[in-house]
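Written out below as structure tokens is the structure these notes cover.
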Number of protein chains: 2
Amino acid sequence: MGITKSEIFSEEQNKIASMAKVLGHPARISILQQLFESNTCICGDLVDKIGLAQPTISQHLKELKNAGLIKGNVEGTSVCYCIHRENWVAMKKLLISFLDHDISTTSQCC
Amino acid sequence: MGITKSEIFSEEQNKIASMAKVLGHPARISILQQLFESNTCICGDLVDKIGLAQPTISQHLKELKNAGLIKGNVEGTSVCYCIHRENWVAMKKLLISFLDHDISTTSQCC
DNA sequence: GCATTTTATTGTAATATTGCATTTAATAAA
DNA sequence: TTTATTAAATGCAATATTACAATAAAATGC
């Protein structure tokens with residue numbers, strides 16, 4: 001029904017999935033890469049650099065902010081965004097701990 | 001429009017996003033964890049262990065298979081699934097290379 | 001005050017996703 | 001051959017996501 005049955009999964013499983021989900025769109029990957037590479041924490045420049053309309057970028061920024069991965073700071077009429085370091089590190093650890101399972105010992109049936 | 005404008009992003013950005021997207025559902029995280037932890041490559045046992053209907057699990061397995069993260073092997077009437085090692089390692093490297101940006105040097109505006 | 005600039009919000013259309021009942025297909029067991 | 005058993009495919013309803021035009025909000029400059 002388009003709705004996820006989160007209640008039947010563990011908190012960790014839901015957290016991993018929700019973080020991965022936020023990373024599951026190229027526009028958000030692109031935004032994060034810009035924030036990594038740019039010295040100045042880009043704002044509406046993102047609209048120019050990425051080829052999407054301003055409301056669309058704004059929406060993606062909101063999702064990243066809701067997930068806690070970025071922070072926004074109002075500077076005059078513009079808004080400056082940057083990576084939320086603590087949360088980024090926490091997310092990274094969570095995902096890597098999942099990705100880093102040792103697969104050399106698991107049996108292969110196929 | 002529910003449709004992603006993949007053509008305006010790089011191949012790498014699309015690949016990272018699509019891999020993250022596949023991991024963006026707790027049922028698929030759960031399935032992968034079971035495949036990691038189980039010695040026997042579980043099949044329909046997943047339906048019992050996870051509380052979702054058989055067609056739903058089957059659909060999630062299909063997505064994981066399409067993404068190349070798992071392989072399926074028919075054994076009699078049942079199907080045995082396991083991690084696709086090479087692809088898993090490749091996906092892991094791709095995601096970690098993205099996650100592992102050095103954030104200590106980027107300026108914080110907020 | 002008023003215009004300008006920048007970003008957020010709202011509303012809407014199109015498409016995607018999730019979940020399941022039902023059906024189909026394939027193999028095994030009798 | 002007939003009857004389970006198991007998994008995939010189909011079809012559908014409900015909800016979510018993506019994208020943008022239009023509008024509103026907030027700050028600046030005049």
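None of these values were measured; they are calculated from a predicted model. Letters A, B, ... mirror the listed sequences (proteins, then strands); counts begin at 1.
Of the side-chain N and O atoms in Y81(A), none sit less than 4.0 angstrom from OP1 or OP2 of dT6(C).
Within 6.0 Å of CD in E7(B) there are more than 12 heavy atoms belonging to other residues, nucleotides or ligands. Heavy-atom contacts from other residues, nucleotides or ligands closer than 6.0 Å to NZ of K71(A) number more than 12.
In this structure the side chain of W88(B) reaches within 4.5 angstrom of the side chain of L99(A), judged on heavy atoms. Side chains of T56(A) and I50(A) form no contact here, defined as non-hydrogen atoms less than 4.5 Å apart.
Closest-nucleotide positions on DNA chain D for A53(A) and E75(A) were compared, and the one nearer the 5' end corresponds to A53(A). Toward the 5' end of DNA chain D, the nearer of the two residues H25(A) and K65(B), judged by each one's closest nucleotide, is K65(B).
Of the candidate nucleotides dG19(C), dA16(C), dT9(C), dA16(C) has the atom lying nearest to any side-chain atom of K21(B). The side chain of V79(B) lies closest to dA8(D), out of dA8(D), dT7(C), dC20(C). Side-chain proximity of T4(A) to dA19(D), dG19(C), dA8(D): nearest is dG19(C). If you check dA21(C), dT5(D), dG19(C) against the side chain of T77(B), the one that comes closest is dT5(D). Here dC20(C) is the nucleotide among dC20(C), dA16(D), dA16(C) with the atom lying nearest to any side-chain atom of L52(B).
Taking atom CD1 of I31(B) as the reference point, atom P of dG19(C) lies 10 Å away to the nearest angstrom. In this structure, Q59(B) places its CD atom 11 Å from C1' of dT10(D), rounding to the nearest Å. A straight line from CG of L61(A) to P of dT17(D) spans 17 Å, rounded to a whole angstrom. The nearest whole Å value for the distance from the CD1 atom in I57(A) to the P atom in dA8(C) is 11 Å. One interatomic measurement links the two molecules: CD of Q54(B) to P of dT6(D), which rounds to 11 Å at whole-angstrom precision. The interatomic distance linking D48(B) (CG) with dT6(D) (P) rounds to 9 Å, in whole Å. In this structure, H60(A) places its NE2 atom 8 Å from C1' of dA19(D), rounding to the nearest Å. Taking atom CD of E63(B) as the reference point, atom P of dA8(D) lies 13 Å away to the nearest angstrom.
S78(B) comes within 4.0 angstrom of sugar-phosphate atoms only, judged by non-hydrogen atoms across all strands, and of no base. Using a 4.0 Å heavy-atom criterion, one finds that T56(B) contacts the bases of the nucleic acid, with or without backbone contacts as well.
Rounded to the nearest 0.5 angstrom, M91(A) CE and S18(A) OG are separated by 10.5 Å.
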